Amino acid sequence: MSKNVLITGGAGFIGSHVIRLFVKNYPKYQIFNLDALTYAGNLENVKDVAEAPNYTFVRGNIKDVNFVNSLFKKHSFDSVIHLAAESHVDRSIKDPNAFIETNVIGTSNLLNAFRNTCNGNFENKLFYHVSTDEVYGSLGKTGLFTESTAYDPQSPYAASKAASDHMVRAFGNTYHLPFIISNCSNNYGANHFPEKLIPLFINNIKNSATLPVYGDGQYTRDWLFVEDHARAIDLIFHKGKVGDTYNIGGFNEWTNLDLVHLLCKLMDEKLGRKQGTSAKLISFVKDRAGHDRRYAIDASKLNKELGWEPSVTFEEGLAKTIDWYIENQEWLDNVTSGAYKDYYEKMYG
Ligand code: NAD
Ligand code: DAU
């Protein structure tokens with residue numbers, strides 16, 4: 001079936017993997033990639049599909065209501081997969097309003113424009129909102145986030161994502177707009193901007209620079225290979241129940257410190273350095289304000305209802321990721337020049 005699918009944030013980390021998968025697997029869909037190309041957006045991430053006949057890139061900002069309305073009028077999208085967001089917790093601590101503007105107002109602009117162009121006819125229409133496990137807050141030593149866990153966001157980023165999830169459900173309830181939401185755990189893989197833990201530490205190990213571990217390093221995250229997240233989005237988009245929520249996770253919990261030691265070991269192997277060399281770079285630094293202690297996702301609903309499970313182990317995914325960063329030095333050089341240097345200086349001194 002042919003359709004016009006708008007994917008927002010397709011030049012970013014996860015969005016680029018979703019774009020690639022949809023452009024390649026669904027030649028009958030016209031895929032529109034709407035991205036403002038902020039510091040996190042990079043057309044290099046999707047260069048392999050740039051010339052595909054079913055792909056169009058549109059540079060634009062979801063905060064700009066007039067632009068969003070005219071884009072929806074022009075293309076009458078059948079479906080939206082919404083990933084565009086400000087996504088880094090540390091940046092949200094420094095500048096919360098930027099997160100409200102893009103994540104809340106921007107999402108509301110898209111919802112309004114979609115509702116208006118559908119004009120009451122929602123047959124075969126879908127607004128798929130990509131969200132995060134951070135909306136659920138922080139776990140103690142035990143327990144998992146399920147789809148019915150109450151929202152309890154703790155950082156400005158998490159609060160802005162929670163608000164956007166609420167807006168999506170409110171449009172479903174009030175205007176019968178067909179939606180699906182998925183909440184995913186921490187992703188890792190190629191094209192990940194090196195402000196986030198895994199790519200930052202890979203880059204620093206390559207450069208023999210300090211590895212700044214926040215607090216005691218005992219914070220726990222549940223890691224998922226980004227291509228497995230993209231596969232889950234594909235499955236939920238096509239087979240998920242409208243009006244439902246799906247949690248996506250890797251069944252793969254690691255404390256930051258254990259993860260950093262594993263990264264150091266793998267990097268020493270890959271770079272031909274003596275074991276123990278990279279671990280000497282670890283430095284405990286001031287903790288993140290309001291740092292969530294533990295996230296862990298119960299992804300059993302997605303597994304039972306739609307048969308999804310991660311396709312790679314963490315060790316396989318990490319090895320692929322490290323190889324990608326070693327082979328793509330030019331990508332790293334490009335994204336770490338200019339504004340990144342100022343950010344790094346302000347953040348880590
Ligand atoms: P990212 O920061 O790598 O990419 C975000 C993209 O959105 C960039 O290409 C950027 O240019 C674009 N963008 C930002 N503001 C925009 C605006 N105002 N208008 C148009 N485009 C704009 O983010 P990511 O890590 O790929 O995350 C994508 C989505 O997935 C986000 O909604 C995030 O909350 C969610 N998510 C991320 C993770 C993760 O581990 N990274 C986990 C769960 C959910
Ligand atoms: O859980 C999903 C979320 O995962 C997504 O919604 C976010 O967009 C994504 O950025 C990610 O958030 P985190 O805050 O968990 O990821 P980050 O890579 O920033 O940090 C992972 C852990 O590592 C966290 O406990 C903080 C710690 N950390 C991070 C950095 C950047 C450090 O110890 N040192 C660092 O320099």
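Quantities reported herein were computed from a predicted structural model and do not represent experimental measurements.
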So does I105 get a backbone contact from the side chain of S108, meaning a donor-acceptor N/O pair under 3.5 Å? no
Search all heavy atoms of K320 against all heavy atoms of F225 and return the closest pair with its distance. CD-CZ, 3.9 Å
Once you round to the nearest 0.5 Å, how far does CG of L306 lie from CG of D234? 11.0 Å
How many angstroms lie between atom OG of S164 and atom CD1 of I181, to the nearest 0.5 angstrom? 7.5 Å
Rounding to 0.5 Å, atoms OG (S278) and CG (L211) come to a distance of 7.5 Å
Are R231 and D228 within salt-bridge range, i.e. N to O under 4.0 Å? yes
Report the C-alpha separation of N183 and D165 in whole Å, then their side-chain angles, then the decisive distance to 0.1 Å, and conclude whether the side-chain hydrogen bond (donor to acceptor under 3.5 Å, both in side chains) test is met. CA-CA 10 Å; N183 297 83; D165 293 11; 3.3 Å; yes
Distance col, row L332:CG vs I326:CD1, nearest 0.5 angstrom, shows 10.5 Å
Checking side-chain hydrogen bond (donor to acceptor under 3.5 Å, both in side chains) for the pair E134/Y295: CA distance, chi angles, key distance, verdict? CA-CA 7 Å; E134 299 203 10; Y295 305 144; 3.2 Å; yes
Under the side chain to side chain contact (heavy atoms under 4.5 Å, CB included) criterion, do T277 and K274 qualify, and how do the steps go? CA-CA 6 Å; T277 309; K274 195 171 152 238; 3.6 Å; yes
For the backbone of R288 and the side chain of D90, can you confirm whether one donor and one acceptor N or O come within less than 3.5 Å of each other? no
Tell me yes or no: between the side chains of T107 and H82, is some donor less than 3.5 Å from an acceptor? yes
Would K24 and D48 count as a side chain to side chain contact (heavy atoms under 4.5 Å, CB included) if you check the C-alpha gap in whole Å, the side-chain angles of each, and the deciding distance to 0.1 Å? CA-CA 10 Å; K24 289 196 167 158; D48 53 326; 3.6 Å; yes
Testing H229, E227, H17 one by one against N187 for a side-chain hydrogen bond (donor to acceptor under 3.5 Å, both in side chains), which residue passes? H229
Using a 3.5 Å distance criterion without hydrogens, assess whether the side chain of K301 forms a donor-acceptor pair with backbone atoms of T245. yes
Would you say the side-chain atoms of T8 pair up with the backbone N or O of L83, donor to acceptor, closer than 3.5 Å? yes
Do you know the tightest heavy-atom contact between T149 and L144? OG1-O, 4.1 Å
Taking the six-membered ring where the residue is Trp, are the ring centres of F32 and H75 under 6.0 Å apart? yes
Shortest non-hydrogen contact between M1 and K28, atoms and distance: O-CB, 4.2 Å
Nearest heavy-atom pair of N61 and V68: which atoms, and what distance? O-CG2, 3.9 Å
Check: H166 ring centre within less than 6.0 Å of Y151 ring centre: yes
Salt bridge between R221 and D292, side-chain N to carboxylate O under 4.0 Å? no
Six-ring centre of Y214, K286 cation under 6.0 angstrom, axis tolerance 45°: no
Test side chain to side chain contact (heavy atoms under 4.5 Å, CB included) applied to L37 and N42, step by step: CA-CA 6 Å; L37 299 182; N42 185 350; over 6 Å; no
Electrostatic pair R294-D222, nearest N-O below 4.0 angstrom: no
With respect to F77, which candidate in F72, F127, Y128, Y29 satisfies the ring pair (Phe, Tyr, Trp, His ring centres under 6.0 Å) definition? F72
For the pair N103 (side chain) and E86 (backbone), establish whether a donor and an acceptor sit closer than 3.5 Å, ignoring hydrogens and angles. yes
Charged N to carboxylate O under 4.0 angstrom, D35 versus R59? no
Gap separating the NZ atom of K270 from the CD1 atom of I202, nearest 0.5 angstrom: 10.0 Å
Close aromatic pair by centroid cut-off 6.0 Å: W254 and F314: yes
Could you walk me through whether L224 and N252 satisfy the side chain to side chain contact (heavy atoms under 4.5 Å, CB included) test, starting with their C-alpha distance in whole Å, then the side-chain angles of each, then the deciding distance to 0.1 Å, before giving a yes or no? CA-CA 7 Å; L224 177 67; N252 179 40; over 6 Å; no
Would you confirm whether the ring centroid of Y343 sits within less than 6.0 angstrom of the ring centroid of Y39? no
Could you tell me whether the side chain of N207 and the main chain of A209 form a donor-acceptor pair under 3.5 Å? no
Can you list the steps and then say if Y219 with D287 is a side-chain hydrogen bond (donor to acceptor under 3.5 Å, both in side chains)? CA-CA 10 Å; Y219 295 85; D287 210 347; 2.3 Å; yes
So, do H238 and Y26 have ring centers that fall under 6.0 Å from each other? yes
Donor-acceptor under 3.5 Å (N109 side chain, K63 main chain): yes
Set out, in order, the CA-CA distance, both residues' side-chain angles and the distance that settles side-chain hydrogen bond (donor to acceptor under 3.5 Å, both in side chains) for N328 and E330, then state yes or no. CA-CA 5 Å; N328 287 275; E330 203 181 321; over 6 Å; no
Side-chain donor or acceptor of E305 paired with backbone N/O of L302 under 3.5 Å: no
Interatomic distance, CG@L263 vs CG@D258, rounded to 0.5 Å, equals 11.5 Å
So with a 6.0 Å cut-off around CD of E123, is the heavy-atom count from everything else above 12? no
Distance-only, no hydrogens or angles: does the T146 side chain make a donor-acceptor pair with backbone N or O of S148 under 3.5 Å? yes
Kindly say whether V130 contributes a backbone atom to a donor-acceptor pair with the side chain of K161 at under 3.5 angstrom? yes
Residue pair I236 / S182: nearest heavy atoms and the distance that separates them: CD1-CB, 4.1 Å
Quick check: closest heavy atoms across F99 and R91, and the distance to 0.1 Å? CE1-C, 3.7 Å
For residues D333 and Q329, is any side-chain donor paired with an opposing acceptor at under 3.5 Å? yes
